[in-house]
Amino acid sequence: MKIVTWNINGVRARIGNLTHWLTESAPDMVCLQEIKSVDELFPRAEIEALGYNVETNGQKSFNGVAILSKLPFDEVNRGLPGDDADDHARFIEGVFSTDQGALRVASLYLPNGNPIDDERKFSYKLAWMARLERWAEERLRLEEALVLAGDYNVIPEPADARFPENWLGDALFQPRTRQAFRRLKNLGFTEAVRSVTDSAGVYTFWDYQAGAWQKNNGIRIDHLLLSPEAANRFSSASVEKHVRAWEKPSDHVPVAIELSLRPA
DNA sequence: ATGCCACAGAAACTGTGA
């Protein structure tokens, strides 16, 4: 089973791009972030026509996440628990039946957190990460195949940026941000890409500005975390970098994993 | 120190992103 995370940066602006990629890449499941659309305007017909079930947690203008799946949804949950006052659409979870039992997949869009001296921004990011950690700890107790896929807005290590020195003052590379990501991983997750390669220069985002793509000035901020039950079925990971060179690209590219699971 | 570029929504600009 191929599971992919992709920050699409506006699903309506990029629906042609998305359907072309779905046909080419043929994923079983896709976690989208930054759909920038309310649920009513999400272009579901084009995606359903390719054989996908669609569940969204959208919002006007910003944020918004979705899961596209060839497997039917047994259950859908919207929103990360832990703060009833948080009205950002950054989280959706789906549960599926496989030959190995339940598969639980979350599509998450972690807050950017900049600027770091703005309490409303950076502390919101850290609070969101703390909520994610609590939620993940609870879910791990289920001992299911669990995949936390999304735009984490976290550069985990210096090797995950072409120019790490440029990111020292940025919320994506702050010590507290990196520590929160380590704390989450250390609950018992395997980070998919880093478990198959320790190479520097693996990036998932290149800014639109200042020719970042042409200069390969990238960062690795889109991640998939696997529970032990998912990691035991995990065989490969790949970054679909060529998509960044397409016409009207997202600034992020798809990150894919393969799990040896079959539909129930 | 800021803009570079891009999207959405309201409206020819602002907010947000990373």
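Letters go in sequence order (proteins before strands), and every chain restarts at 1. Nothing here was measured: the structure is a model prediction, and the numbers come from that model.
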Original post:
With sequence neighbours excluded, what pairs up with Y203(A) under the ring pair (Phe, Tyr, Trp, His ring centres under 6.0 Å) test?
Top reply: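 By the ring pair (Phe, Tyr, Trp, His ring centres under 6.0 Å) rule, Y203(A) matches no residue at all.
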**OP:** Quickly work out the K215(A) NZ to dC5(B) C1' distance and round it to whole Å.
**Re:**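 So the NZ-C1' distance, K215(A) to dC5(B), works out to 13 Å.
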Original post:
Rounded to the nearest Å, what distance is computed from the CH2 atom of residue W213(A) to the P atom of nucleotide dA6(B)?
Top reply: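 Atom CH2 in W213(A) sits about 15 Å away from atom P in dA6(B).
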Original post:
Is there a donor-acceptor pair closer than 3.5 Å between any side-chain N or O of Q33(A) and the backbone N or O of C31(A)?
Top reply: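 Flag set: sc Q33(A) to bb C31(A) pair under 3.5 Å.
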**OP:** Looking at every strand, decide which applies to A13(A) at a 4.0 Å heavy-atom threshold: base, sugar-phosphate, or nothing.
**Re:**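 Sugar-phosphate contact only - A13(A) comes under 4.0 Å of backbone atoms but never of a base.
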Subject >> NE2 (H242(A)) with more than 12 external heavy atoms under 6.0 Å >> reply: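 Counting other residues, nucleotides and ligands, NE2 of H242(A) exceeds 12 neighbours.
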Original post:
Taking atom CG of D99(A) as the centre, does the number of heavy atoms from other residues, nucleotides or ligands within less than 6.0 Å exceed 12?
Top reply: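 Yes, CG of D99(A) has more than 12 neighbouring heavy atoms, counting only those of other groups under 6.0 Å.
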Original post:
Distance check: side-chain N/O of R14(A) vs OP1/OP2 of dA6(B), anything under 4.0 Å?
Top reply: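 Checking R14(A) against dA6(B): no side-chain N or O falls below 4.0 Å of OP1 or OP2.
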Gap in Å between the two [atom1] atoms, one belonging to [N] and one to [M], rounded:
N: dA10(B); M: dG15(B); atom1: C1'; value: 11 Å
N: dC7(B); M: dT2(B); atom1: P; value: 25 Å
N: dA8(B); M: dA18(B); atom1: P; value: 14 Å
N: dA1(B); M: dC13(B); atom1: C1'; value: 23 Å
N: dC4(B); M: dT14(B); atom1: P; value: 13 Å

Original post:
How would nucleotides 9-18 of chain B be written as a contact map, 5' to 3', with B for base contact, S for sugar-phosphate-only contact and - for no contact, using protein heavy atoms under 4.0 Å?
Top reply: SS----BSSB
**OP:** Based on the glycosidic angle (syn within 90° of 0, else anti), state the conformation of dA12(B).
**Re:**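 Base orientation: syn.
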Subject >> Carboxylate-amine/guanidinium contact D86(A) R131(A), below 4.0 Å >> reply: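 Salt bridge between D86(A) and R131(A), a charged N being under 4.0 Å from a carboxylate O: yes.
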Subject >> Check ion pair E191(A)-R220(A) (N to O, under 4.0 angstrom) >> reply: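 Yes, charged N to carboxylate O under 4.0 Å.
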